[in-house]
Every structure is written in structure tokens, then in C-alpha cells.
Amino acid sequence: MSHATAPAPAPSFRARLLDWRVRFGVLALIWGFSFLFIKVGTDGFAPFQVTFGRLLFGTVVLAAALLVKRDRLPRGARTWGHLAVAAFLLNALPFSLFAYAELTIPSTLAGICNATTPLWGMVLSLVALSEDRPTRVRAAGLGIGFIGVLTVLGAWQGFSGLDVTGTALALLASFSYAVGWIYVRRTLSGTGASHLSLATGQVGVATLQLALVTPFFTTLPESVEVLPLLAVIALGALGTGYAMLLQYGVVAEVGPTTASMVTYFIPVIATAAGVAFLGEHLVWNTPVGAAIVLLGAALTQTRASSRTPAPSRATASVADPSRKTPTRA
């Protein structure tokens with residue numbers, strides 16, 4: 001994002017800050033409501049169809065933004081190969097897993113499972129990223145986070161009343177996000193392409209992946225209901241397309257660390273939406289466990305050392321999957 005004029009005086013700065021807060025709130029609402037949209041979408045379509053529609057409408061929004069900004073898609077076979085892997089790990093696979101998971105679990109539980117992504121990210125980054133050193137605080141956050149997961153699942157009562165398969169699929173989707181962000185950090189950080197260009201290419205490739213897979217597992221619905229269709233359109237156009245544009249704008253303005261705070265609002269909004277609009281039942285261990293998960297996730301994102309030299313602008317622009325990258329629904 002470039003600025004043609006000099007920094008504005010204090011009143012304009014306050015207005016700009018307010019604009020960032022508004023966009024941040026809209027982003028949290030969109031991603032929080034995405035789990036509700038998935039649930040409603042699966043009432044009328046098969047999970048793969050929900051994911052394909054989500055990716056298709058998301059690609060349309062991102063492609064339109066690319067044309068408006070007169071940007072271009074990435075170049076090079078190597079870059080597109082990495083984008084294909086990223087599309088699978090960050091879009092095609094987790095989106096499909098969440099859609100299948102919500103056939104049997106509430107949208108509230110799916111939203112809370114999504115919040116475990118920073119926990120998985122920390123575990124993986126300790127193995128895959130040699131510069132990411134563990135600290136006592138981060139290790140404690142990891143332990144606290146997984147205690148929160150067990151609390152949400154009601155481990156002390158033998159997971160009774162819990163659909164194990166659906167919950168496992170949702171957790172696997174969150175794990176896929178963590179793997180995908182580490183892969184992106186290691187392979188696509190130096191391509192020179194813009195975030196919008198990479199996002200458009202990635203979501204577009206994921207759409208092609210689902211277009212190839214979906215016909216083998218589903219058949220065309222005999223009838224199309226309006227509400228599920230609107231949910232899929234909203235999930236794609238807002239939750240995948242417009243939300244990614246908002247995310248990159250917020251990151252460019254206030255930095256990835258501040259932007260990642262949206263992660264902590266997503267399960268809260270997802271839970272509120274599921275209870276208020278879908279009538280989903282909420283027992284005490286679900287919100288308590290979610291709060292513990294978010295506390296653990298916050299601790300895992302603390303910096304290793306305050307004496308570490310500040311990263312360059314180019315390095316800081318690359319999202320850290322365990323600390324700086326907002327998770328998507």
C-alpha cells in the first residue's frame with residue numbers, strides 16, 4: 001500500500017485509526033459468522049459443493065480486485081507449484097474438512113476448534129523453523145491451550161455426547177492451516193509478487209482443485225434452496241474474498257501482530273452466532289474451555305526475547321504461522 005501524500009495531522013490520523021478499527025471489527029464478524037454460513041450451506045448442498053461454491057465466489061471477488069488495482073497474477077512454474085500446495089493446505093482441504101465436520105457438530109464447536117491453529121502452529125514451527133525458539137511462557141501457553149481443548153471436549157466425562165469424527169475433522173482442518181502457513185512462509189515469502197496476486201492465484205487454484213474432485217463425490221442437487229445458496233455466496237464473497245482483502249489492508253496498516261488479534265474474536269462471534277441464530281445448545285465447559293484455549297494461544301504468540309534485533313521491513317511482512325497470521329474460518 002503506497003501513500004502519495006505526507007503524513008496527515010492528528011485529526012486525520014485519528015480518523016484513519018478509527019477506520020482500521022472498523023475494518024478489524026468487520027473482519028472478525030465475517031470470519032466468526034463463516035461457521036454459521038457453513039452450517040446453513042450444508043443444509044442444502046453436499047460439503048464439497050459448499051467448499052467449491054465458497055472458493056468460486058471468493059475467486060470472483062479477488063479477481064475483480066486484481067483487475068481494479070491493475071495487478072497481475074504471479075509468474076513462474078515454481079511459484080505456481082508452491083501455490084498449488086498452499087491452496088490445498090490453506091483452502092481446499094480445511095474448507096472441506098470444516099464443511100464435513102459441521103454435518104455432525106455445532107458451528108460453535110467448529111469455531112472453537114479453529115482457534116487451536118496457533119497452538120498447532122507453535123508445535124510445528126519448533127520443528128520446521130529453526131529460528132523459532134521455545135520459551136517457558138510459550139511452552140506454558142501450549143500446555144494451557146491443549147488443556148482448554150480437553151475442557152471444550154469434556155474429557156473428564158469420556159467425551160460423552162461428542163461426535164468424535166466431526167470434532168477430529170475440525171481439529172484436522174486447524175492443523176492443516178498451521179502446516180499451510182509454515183509452508184507459505186518457507187516457499188512464497190521471496191517471490192516478489194503482491195499479497196493480492198498470491199491470494200488470487202492461491203484461491204483460484206483451490207477452486208480448480210475442488211472442481212476436479214467434487215463431481216466424483218457428489219451429484220447435482222435436485223433443487224436449490226434460497227437460504228443455503230445465499231449462505232454459500234456470503235461464505236465465498238465475504239468470508240473468503242472480501243475478508244482476505246480486509247486482512248491484507250489491516251496488516252499493511254497496523255502490522256501482522258496487531259492484525260492477528262482477530263483470531264481471539266472469531267470463536268466468540270462464532271459461538272454467539274450459533275446460539276442466537278441456529279439455537280445451538282451451549283454447556284458450561286464450551287465457553288470456559290474456549291477462554292482457556294484463547295489464553296494459551298495468546299501466550300504462544302509472545303516474543304522470544306525483547307533484545308532480539310528488530311526485523312527488516314521485508315522480513316516483518318512475512319507472516320509467522322505461530323504468532324502473526326490471523327486464522328481463517
Side-chain angles (χ1 to χ4, degrees), residues 23 25-65 67-68 87 91-114 163 166 169-170 173 199-200 203-204 206-247 265-282 328-329:
R23 287 183 284 127
V26 171
L27 180 60
L29 283 172
I30 290 175
W31 274 342
F33 269 84
S34 290
F35 296 96
L36 181 148
F37 294 147
I38 294 172
K39 192 73 171 180
V40 175
T42 55
D43 287 340
F45 300 97
F48 273 132
Q49 292 171 342
V50 172
T51 302
F52 174 69
R54 173 181 190 173
L55 291 168
L56 178 62
F57 289 110
T59 299
V60 170
V61 171
L62 291 171
L67 290 173
V68 170
N91 301 113
L93 179 60
F95 289 1
S96 299
L97 289 173
F98 272 124
Y100 271 102
E102 291 200 39
L103 290 176
T104 55
I105 67 172
S107 64
T108 54
L109 180 56
I112 293 170
C113 288
N114 181 75
D163 185 85
L169 291 176
T200 306
V203 177
T207 304
L208 293 177
Q209 292 171 346
L210 260 294
L212 295 174
V213 170
T214 300
F216 292 99
F217 293 92
T218 64
T219 58
L220 292 176
E222 297 180 358
S223 61
V224 176
E225 299 180 23
V226 175
L227 193 57
L229 177 60
L230 292 177
V232 172
I233 293 174
L235 184 63
L238 296 178
T240 301
Y242 182 59
M244 291 186 74
L245 297 178
L246 283 176
Q247 176 194 1
F265 293 90
I266 292 174
V268 176
I269 295 172
T271 299
V275 172
F277 296 100
L278 299 178
E280 295 178 346
H281 181 62
L282 194 65
R328 292 175 296 191

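- Checking Val50, Val213, Leu210, Thr214 one by one against Ser96, the side-chain contact (heavy atoms from CB on, under 4.5 Å) holds for a single residue, Leu210.
- Separation of atoms CZ (Phe35) and SG (Cys113) is listed at 9.0 Å; rounding is to 0.5 Å.
- Side-chain atoms of Lys39 never come within 3.5 Å of backbone atoms of Leu103 as a donor-acceptor pair (strictly under, hydrogens ignored).
- Across every non-hydrogen atom of Ile112 and Pro267, the tightest pair is CA-CB, 4.1 Å.
- In the displayed structure, Phe265 atom CZ is contacted under 6.0 Å by at most 12 heavy atoms of other residues, nucleotides or ligands.
- Of the possible donor and acceptor atoms, none in the side chain of Thr218 sits under 3.5 Å from a partner among the backbone N and O of Pro215.
- At distances below 3.5 Å, not a single donor-acceptor pair connects side-chain atoms of Gln209 with backbone N or O atoms of Gly204.
- Each of Thr240, Thr207, Asn91 was checked for a side-chain hydrogen bond (donor to acceptor under 3.5 Å, both in side chains) with Arg54, and the lone residue meeting it is Thr240.
- Residues Phe48 and Tyr100 place their aromatic rings such that the two centres sit under 6.0 Å apart.
- Inter-residue side-chain proximity for Met244 and Val61 is flagged as unmet; no heavy-atom pair is nearer than 4.5 Å.
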Kindly indicate, with the supporting measurements, whether the criterion side-chain contact (heavy atoms from CB on, under 4.5 Å) is fulfilled by Leu278 and Val40. CA-CA 9 Å; Leu278 299 178; Val40 175; 4.1 Å; yes
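- Proximity of a side-chain donor or acceptor of Trp31 to a complementary backbone N or O of Gly239 within less than 3.5 Å is detected.
- Taken to the nearest 0.5 Å, the CD1 atom of Ile266 stands 11.5 Å off from the OG1 atom of Thr271.
- Between Leu235 and Ile38 there is a side-chain heavy-atom pair separated by less than 4.5 Å.
- Closest of all the heavy-atom pairs between Ala270 and Gly111 is CB-CA, 4.1 Å.
- Other residues, nucleotides and ligands contribute at most 12 non-hydrogen atoms within 6.0 Å of the CG atom of Leu220.
- Summarising the geometry of Ala101 relative to Gly166, their closest heavy-atom pair is CB-O, 3.2 Å, with the distance given to 0.1 Å.
- To the nearest 0.5 angstrom, Leu238 atom CG is 11.5 Å from Phe57 atom CZ.
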Determine whether Val232 and Phe37 satisfy the following criterion, side-chain contact (heavy atoms from CB on, under 4.5 Å), listing intermediate values before the conclusion. CA-CA 7 Å; Val232 172; Phe37 294 147; over 6 Å; no
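- Summarising the geometry of Phe98 relative to Ala110, their closest heavy-atom pair is CE2-O, 3.6 Å, with the distance given to 0.1 Å.
- A 4.5 Å side-chain heavy-atom check between Tyr242 and Leu62 finds every atom pair outside the cut-off.
- Atom CG of Asp163 and atom CG of Leu109 lie 9.5 Å apart (nearest 0.5 Å).
- Taken from OG in Ser107 to CG in Asn114, the straight-line distance is 12.0 Å, to the nearest 0.5 Å.
- Under the 3.5 Å distance criterion, the side-chain polar atoms of Glu280 are matched with a main-chain donor or acceptor of Thr108.
- Using modelled atom types, no side-chain atom of Glu102 and backbone atom of Ala99 make a donor-acceptor pair closer than 3.5 Å.
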